[in-house]
2 protein chains.
Amino acid sequence: MIEEEAAAMFQALSNADRLKVIRALVTAGPEGLNAGDIAQMVGATPSRASFHLAALSKAGFVQVERQSRSLRYTVDFSRIGALLSFLMTDCCNDSPQLKYCCT
Amino acid sequence: MIEEEAAAMFQALSNADRLKVIRALVTAGPEGLNAGDIAQMVGATPSRASFHLAALSKAGFVQVERQSRSLRYTVDFSRIGALLSFLMTDCCNDSPQLKYCCT
DNA sequence: ATCATATTTCAACAACTCTTGAATTATAAT
DNA sequence: ATTATAATTCAAGAGTTGTTGAAATATGAT
C-alpha cells in the first residue's frame, strides 16, 4: 500500500463518530446494520451519520447494500487488516518492539 | 484509550509526510534523527518538517531531545502499539477475522 | 396516484489543516 | 560581541472537514 492511500485510511479513522460506527458494525457481526440504526447507536442525525458512513465507505472500511427501503452496512475486516499490516510491517518494519501488542 | 484520543492519533497518521517521518525514524533506530536530516529525507522544507514533527509529537508518536544545536527525534513504539491495540481490541473486539495480519 | 419511510445530497457556514516564506529563538564558534 | 548554524514560530492564504437543516431520491404501502 502506498503512503497516500494509508494516509487516507487513517484520515477516515480520525473521528470519534466514525470509530463508534465501526465498533457498532463489528458488534453487529455479518448481518450488519442499517443506516438509521447506526445513526441512533452513535447518537447522530441521519444526515451526519450518512456523511460519516460515506467517509468510511470511500476508504473501504464498510460495504453497503440496499435492502428494501434501508441501506445495510457491514464492516470489511480485510481492509482494517490491510491498514494494520501497513502500520506494523511497512511503517514499523515489523519491529520486535511492537510484538507484545499482537499476542 | 478513549475514542477521542484514538481519533487524534489516527489524525496524526493521516498525512503521507508524517508517515514518511515515522518510517525514517523507525529505520534510524534508537539513535533517532535530527530535524534537519528528517526534513531532507522526507523532502520537506525545515518549516514544513517542523510542523509535521510537532503534530507527531503532540500525538505522542515521537519524542524529542535537544543535542547541542540540533533537536534529536526518536519514535515511540509503545504509542504505536497502543493505537494498534485500540484498533484490534477496543474497536474490532479481537475479531478472529483480523488474526491473519499478526502472524 | 398518493403518502410514508429510509436515506442521501445540497448549500451555507464555522473550524481546522497545510504550505510558504519571513522573522525569531537557541546554541556554538570566532 | 559578532556571526553562523539548527530549528521553531508566525501570519497569511488556499483548501478541506464537519455540522445543520432543508430538499431530493428511492422504495414500499394504501
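Only this structure's heavy atoms are used, side chains among them; waters, hydrogens and symmetry mates stay out. Below, chains carry the letters A, B, ... as their sequence lines are ordered, and counting in each starts from 1.
B:Ala16 and A:Glu4 make their closest contact through CB-OE2, 3.6 Å (heavy atoms, listed as atom of the first residue, atom of the second, distance). The heavy-atom pair separating B:Leu98 from A:Phe77 by the smallest distance is CD1-O, 3.6 Å. When all heavy atoms of A:Ala6 and A:Leu83 are compared, the closest pair comes out as O-CD1, 4.1 Å. For B:Ala24 against B:Met41, the heavy-atom pair with the smallest separation is CB-CE, 4.1 Å.
When the nucleotides C:dT20, D:dA6, C:dT7 are ranked by their closest atom to the side chain of B:Arg48, C:dT20 comes out on top. Relative to the side chain of B:Leu71, the nucleotides D:dA7, C:dA6, C:dC18 differ in distance, and D:dA7 lies closest. The A:Arg18 side chain lies nearest to D:dG18 when the options are D:dT19, C:dT7, D:dG18.
The CG atom of A:Asn15 sits 4.5 Å away from atom NE2 of A:His52, with the distance rounded to the nearest 0.5 Å. For the atom pair CG (B:Leu13) and CD (A:Glu3), the distance works out to 11.5 Å, reported to the nearest 0.5 Å.
Of the residues in residues 51-58 of chain B, B:Phe51, B:His52 come within less than 4.0 Å of DNA chain C through at least one heavy atom, sorted by number. Scanning residues 4-14 of chain A for heavy-atom distances under 4.0 Å to DNA chain C yields an empty list. Within residues 33-45 of chain A, the residues having any heavy atom under 4.0 Å from DNA chain C are, by residue number, A:Asn34, A:Ala35, A:Gly36.
An OP1 or OP2 oxygen of D:dA6 is reached within less than 4.0 angstrom by no side-chain nitrogen or oxygen of B:Tyr73. Within the structure, every side-chain polar atom (N or O) of B:Asn15 is placed at least 4.0 Å from both OP1 and OP2 of C:dT17.
The backbone N or O of B:Gln11 sits less than 3.5 Å from a side-chain atom of B:Ser14, completing a donor-acceptor pair. Side chain of B:Ser50 to main chain of B:Pro46: no donor-acceptor pair is present (N/O by atom type, distance under 3.5 Å, no hydrogens or angles). Side-chain atoms of B:Thr27 come within 3.5 Å of backbone atoms of B:Arg23 as a donor-acceptor pair (strictly under, hydrogens ignored).
Two residues, B:Val64 and A:Ser47, neighbour DNA chain D, and the one matched to the more 5' nucleotide by heavy-atom proximity is B:Val64.
Every pair passing salt bridge (charged side-chain N to carboxylate O under 4.0 Å, His left out) that includes a residue from residues 8-22 of chain B is listed here, sequence neighbours excluded: B:Asp17-B:Lys20, B:Asp17-B:Arg48. Sorted by first and then second residue, the salt bridge (charged side-chain N to carboxylate O under 4.0 Å, His left out) pairs involving residues 53-72 of chain B (not counting sequence neighbours) are B:Glu65-B:Arg72.
Using a 4.0 Å heavy-atom distance criterion, A:Ser70 is classed as a sugar-phosphate-only contact. Across all strands, B:Arg72 comes closer than 4.0 Å to no nucleic acid atom at all (heavy-atom distances).
With a 4.5 Å cut-off on side-chain heavy atoms, B:Leu87 and A:Leu87 do not count as touching.
Of the options B:Asp76, B:Leu53, B:Leu56, B:Val75, a side chain to side chain contact (heavy atoms under 4.5 Å, CB included) to B:Phe61 is made by B:Leu56 and by none of the others.
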Using the 3.5 Å cut-off, write out each protein N or O paired with an N or O of nucleotides 23-30 of chain D and the distance between them.
from   : atom 1 : to      : atom 2 : distance (Å)
D:dG28 : OP1    : A:Ser68 : OG     : 3.3

